[in-house]
2 protein chains.
Amino acid sequence: MRPAALDWSVENCTIGRAMEILGERWTVVVLREVFSGVRRFDDMRVRTGVPRQVLTNRLSMLVERGVLRREPYREPGSRPRHEYRLTEMGLDLWPVLVALLGWGDRHLADPEGAPLAVTHRDCGAEVRVALRCAEGHDVTAPRDVVPRPGPGARRRA
Amino acid sequence: MRPAALDWSVENCTIGRAMEILGERWTVVVLREVFSGVRRFDDMRVRTGVPRQVLTNRLSMLVERGVLRREPYREPGSRPRHEYRLTEMGLDLWPVLVALLGWGDRHLADPEGAPLAVTHRDCGAEVRVALRCAEGHDVTAPRDVVPRPGPGARRRA
DNA sequence: AGGCTAGGTCTGATTGACAGACTCAGCAAC
DNA sequence: GTTGCTGAGTCTGTCAATCAGACCTAGCCT
C-alpha cells in the first residue's frame, strides 16, 4: 500500500523547519539549560561540556533565529555582562522539552529513576505532556490520529 | 540569583540522552517520514533529500537504539526487501513530534498556513499537545511548573 | 601595575555531511 | 542465459563542522 504522504511535498514542512533550528547536536541541550535557569555562557559550558566555539555558535544562532535574546546585566562589583533568556518563541518550546523529558525518562533513565521531575506548582503532582484535540478529547494512541493536508499543503512536483 | 540547577549533575539527564539519539541533523526528519507511513529507503531519500550514506547511517543507528526495526516484506513480482517500522519506543516519540509540529506551525509556517494537520479520528478536530499534571490539572504557563530533583538525581562533583 | 574573570577567538586535528559514481541481488523480458 | 531494471545500499573525494587546547580582551579590584 502506497502511503498517502508520498503525494505531498515536504518543502514547507514545519517539522523540517523546526529541526533546521533545533536539529544540531547541542541546541536542545543548551535550551534545557536556559529552561533550568542557567543563563550564562560559562555555567552552560561547564555543565554541558560543549566546546566553547560550538556554544558560541549555538547561542548566536538561537539569538538570530529569535529563540533567545541577549540581556545585559550587572553584578555588583563586576563589569556589565549579558545573559541569555528565552523569548516568547523560546518559551513556546516548553512542551517540546517536556515531551523529550518524558520519552527519555521512560526509555533511557538509569534504574534508580529520572534525575529531574517537573511538578505542578499548585498541587505538586508530576507534569507530563498529553495529546488532546480541539474538542477536548484525549488522544492516547497514534492510531487515533489521522494526518491530513493543511491549508499550506503543496502537491509534489 | 544563582540557579538551583547548578548544584545538580547533568550526566544522567534524560533530555541529554534523548538528544544523543535524536540530536543529529536528520534523525527527526527521518522519523517524521516513518510516522507519515513512509517506510522505504528510497521513498525517504527522495522526499527528504538526505544523502544516501547519511540515511543509511541514521536508519541503522535508529534500529540499533531500538527506535525502529527492520521488517522483511515482499511485493509480488519483486525480490524480498525490508522496510523500517516504529518499535514501541519509537511510537512513544509521537508526542515529541506533535510538539515540534505545533511549535513549527506557530512560528515557522508560511503565511498560507501549515502544510500538515493532525486530526482526531473520532471527531476530526485538530490535535495538539497539552501539559497536564498527574492530578489532572492543565498547566499552561512554564511558570506553573517547578523542576525538582527526581529519584535519580546526583549532586555535582 | 598586576591579577582575576566572563566570555569569548584562533589554530590545527578529527569527524561528519554531502554528491556522484559504483555494486549487488534477484526478478523479468528477451 | 544474458541483458536490463530496481531497491538498497557501498566507495571515494571534497568541503564543512566539531572538538580540545591555547590565546585574547575588557573591565573591575588590589
Side-chain angles (χ1 to χ4, degrees), chain A residues 1-3 5-6 10-11 16 19-31 33-34 37-65 68-85, chain B residues 1-3 5-6 10-11 16 19-31 33-34 37-65 68-85:
Chain A
M1 177 217 59
R2 194 165 175 289
L6 287 179
V10 293
E11 70 183 294
M19 292 318 289
E20 276 170 35
I21 297 180
L22 306 174
E24 271 163 315
R25 186 69 221 338
W26 292 107
T27 308
V28 173
V29 172
V30 168
L31 289 170
E33 295 303 305
V34 183
V38 177
R39 302 194 179 110
R40 298 180 192 179
F41 190 91
D42 245 46
D43 288 340
M44 292 185 203
R45 200 181 58 76
V46 170
R47 274 168 59 86
T48 61
V50 181
R52 287 160 171 290
Q53 187 118 254
V54 176
L55 184 54
T56 303
N57 290 351
R58 289 300 157 275
L59 286 169
S60 1
M61 187 270 283
L62 286 169
V63 168
E64 193 181 316
R65 300 301 210 109
L68 297 181
R69 71 193 136 87
R70 248 181 272 259
E71 192 84 355
Y73 75 99
R74 173 157 207 167
E75 297 252 308
S78 304
R79 69 195 165 107
R81 301 285 160 82
H82 58 262
E83 58 184 13
Y84 295 90
R85 287 166 165 275
Chain B
M1 179 216 60
R2 195 164 173 289
L6 287 179
V10 292
E11 70 184 294
M19 293 318 288
E20 277 171 35
I21 297 180
L22 306 175
E24 273 164 314
R25 183 68 191 63
W26 292 108
T27 307
V28 173
V29 171
V30 168
L31 288 170
E33 294 303 305
V34 183
V38 177
R39 303 195 178 108
R40 298 178 192 181
F41 190 91
D42 245 45
D43 289 340
M44 292 185 203
R45 202 181 58 75
V46 169
R47 271 167 60 85
T48 61
V50 182
R52 289 161 171 290
Q53 188 118 256
V54 176
L55 184 54
T56 304
N57 290 351
R58 290 297 158 276
L59 287 169
S60 5
M61 186 270 283
L62 287 169
V63 168
E64 193 181 314
R65 300 302 210 107
L68 298 180
R69 70 192 138 87
R70 250 180 272 261
E71 192 85 353
Y73 75 98
R74 172 156 206 167
E75 298 252 308
S78 304
R79 70 196 165 104
R81 301 284 160 82
H82 59 262
E83 57 184 13
Y84 295 89
R85 288 167 164 274

Do any N or O atoms from the side chain of A:Thr56 and from the backbone of A:Arg52 form a donor-acceptor pair under 3.5 angstrom? yes
Using 4.0 Å as the upper bound for N to carboxylate O, is an ion pair formed by B:Arg85 and B:Glu83? yes
Run the side-chain donor-acceptor check on residues 44-51 of chain B: report pairs under 3.5 Å with partners two or more places apart or on a different chain.
residue, atom, partner, partner atom, Å
B:Arg47, NE, B:Glu33, OE1, 2.3
B:Arg47, NH1, A:Ala5, O, 2.6
B:Arg47, NH1, A:Trp8, O, 3.0
B:Arg47, NH2, B:Glu33, OE1, 3.1
B:Arg47, NH2, B:Glu33, OE2, 3.2
B:Thr48, OG1, B:Met44, O, 2.7
B:Thr48, OG1, B:Val50, N, 3.2

Non-hydrogen side-chain atoms of B:Arg25 and B:Val54 separated by less than 4.5 Å: no
Kindly say if B:His82 contacts the phosphate of D:dG9, meaning a side-chain N or O under 4.0 Å from OP1 or OP2. yes
Go through the steps for A:Arg69 and A:Tyr84 under the test side chain to side chain donor-acceptor pair (under 3.5 Å), then give the verdict. CA-CA 6 Å; A:Arg69 71 193 136 87; A:Tyr84 295 90; over 6 Å; no
Starting at atom CG of A:Leu55, determine the distance to atom P of C:dG7, rounded to an integer number of angstrom. 10 Å
Counting primed atoms plus P, OP1 and OP2 as sugar-phosphate and everything else as base, spell out the protein contacts along nucleotides 17-22 of chain C at 4.0 Å heavy-atom distance: B, S or - for each nucleotide, 5' to 3'. SBB-B-
Separation of B:Arg81 atom CZ from C:dC24 atom P, in whole Å? 16 Å
Does a side-chain N or O from A:Tyr84 land closer than 4.0 Å to OP1 or OP2 of C:dA6, or not? no
Output the rounded distance in Å from CZ (A:Arg47) to C1' (C:dA6). 18 Å
Using side-chain heavy atoms (C-beta onward) and a distance below 4.5 Å, is A:Met61 in contact with A:Glu24? yes
Please confirm whether the shortest side-chain N or O distance from A:Tyr73 to OP1 or OP2 of C:dA6 is below 4.0 Å. no
Can you tell me how far P of C:dG7 sits from CD of A:Glu71, to the nearest Å? 14 Å
For A:Leu6 and D:dG7, what is the distance between atoms CG and P respectively, to the nearest whole Å? 12 Å
Rounded interatomic separation in angstrom, taking CG from A:Asp43 and C1' from C:dG8: 15 Å
In whole angstroms, how far is the P atom of D:dT25 from the CZ atom of A:Phe41? 17 Å
Between C:dG8, D:dG9, C:dC27, which nucleotide gets closest to the side-chain atoms of B:Arg74? C:dC27
Note, B:Leu62 side chain near B:Val34 side chain (heavy atom, < 4.5 Å): no
